[in-house]
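Since the structure comes first, as structure tokens, the remarks are kept for the end.
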Amino acid sequence: MARHAAARQAVIAQNMANSDTPGFKARDIASFSAIIDDGGAMDMRATRPTHLNAREGSDAHFRTFVTDEGADPNGNTVSIEQEMLKAIEAKRSHGRALAIYKSSLNILRTAIGRG
């Protein structure tokens, strides 16, 4: 979930950086829940070459898509306001993922008697 939020934030930042580029089409990444429900975009990660018979570098490659928002007269589809809202959503998602991770670590520490 944290990797998804980071990847989405990178796409959003790219959109904002190109907000004045003529003809630039805004991109986004599907929501984390949609990716999990689909089951196709999240591959298991191999920790060594023979583990899971996985490809190297299959870690968190999320597919982007062009958003269907209205275009400016110069053909640019980036809306700074929409991108800012998406950035806030990605930040909250990342924070939620880190809170879950921290909670899991605290449970493990408690289970081994170091909590």
Side-chain angles (χ1 to χ4, degrees):
M1 188 174 183
R3 287 185 182 131
H4 174 268
R8 188 162 189 232
Q9 187 68 35
V11 170
I12 293 166
Q14 185 178 35
N15 287 344
M16 292 178 86
N18 288 293
S19 64
D20 289 334
T21 305
F24 183 81
K25 305 294 182 204
R27 303 187 68 77
D28 201 356
I29 294 176
S31 68
F32 184 72
S33 61
I35 291 173
I36 294 299
D37 290 343
D38 182 32
M42 296 285 290
D43 294 332
M44 290 192 283
R45 183 177 58 151
T47 56
R48 57 186 179 277
T50 58
H51 183 223
L52 301 174
N53 295 324
R55 304 178 311 271
E56 282 190 44
S58 64
D59 189 27
H61 293 287
F62 300 101
R63 293 183 202 106
T64 61
F65 61 89
V66 175
T67 59
D68 293 330
E69 297 172 1
D72 286 342
N74 67 359
N76 188 307
T77 63
V78 177
S79 167
I80 293 294
E81 294 83 7
Q82 289 295 326
E83 298 303 316
M84 289 177 68
L85 291 173
K86 290 176 187 177
I88 292 167
E89 181 182 335
K91 181 182 183 304
R92 287 180 179 165
S93 180
H94 190 264
R96 186 178 314 116
L98 294 182
I100 292 168
Y101 178 70
K102 184 177 178 182
S103 177
S104 299
L105 286 179
N106 288 338
I107 290 170
L108 289 173
R109 285 188 189 114
T110 301
I112 63 172
R114 295 186 184 175

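Note: hydrogens, waters and symmetry copies are ignored here, and every other heavy atom, side chains too, is used. In this chain, numbering begins with 1 at the start of the sequence shown.
Atoms CD1 and CG, on Ile80 and Leu85 in that order, are 11.5 Å from each other to the nearest 0.5 Å.
In this structure, Asp72 places its CG atom where more than 12 heavy-atom neighbours from other residues, nucleotides or ligands lie under 6.0 Å away. The local environment of CZ in Phe65 is crowded, with over 12 non-hydrogen atoms from other residues, nucleotides or ligands closer than 6.0 Å.
Ile100 and Leu98 are not part of a single hydrophobic cluster, where members link through side-chain heavy atoms under 4.5 Å apart.
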Pairs under 3.5 angstrom only: tabulate donor-acceptor contacts from the side chains of residues 5-14 to other protein residues two or more places apart or in another chain.
residue : atom : partner : partner atom : Å
Arg8    : NE   : Asp28   : OD1          : 2.8
Arg8    : NH1  : Glu89   : OE2          : 3.3
Arg8    : NH2  : Asp28   : OD2          : 3.0

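With contacts defined as side-chain heavy-atom distances shorter than 4.5 Å, the pair Thr21/Val78 does not qualify. For the pair Ile107 and Ser103, the minimum side-chain heavy-atom distance is below 4.5 Å. In this structure the side chain of Thr67 reaches within 4.5 angstrom of the side chain of Lys86, judged on heavy atoms. Residues Asn15 and Phe24 have side chains in contact (heavy-atom distance under 4.5 Å, counting atoms from C-beta outward).
Taking the side-chain hydrogen bond (donor to acceptor under 3.5 Å, both in side chains) definition, one finds that Thr77 meets it with nothing, sequence neighbours left out.
His4 contributes a side-chain N or O that, together with a main-chain N or O of Ala30, makes up a donor-acceptor pair within less than 3.5 Å. Under the 3.5 Å distance criterion, the side-chain polar atoms of Asn76 are matched with a main-chain donor or acceptor of Asn18.
The heavy-atom pair separating Gly75 from Lys25 by the smallest distance is O-NZ, 3.2 Å. Residues His94 and Ala2 approach most closely at CD2-O, 3.4 Å, considering heavy atoms.
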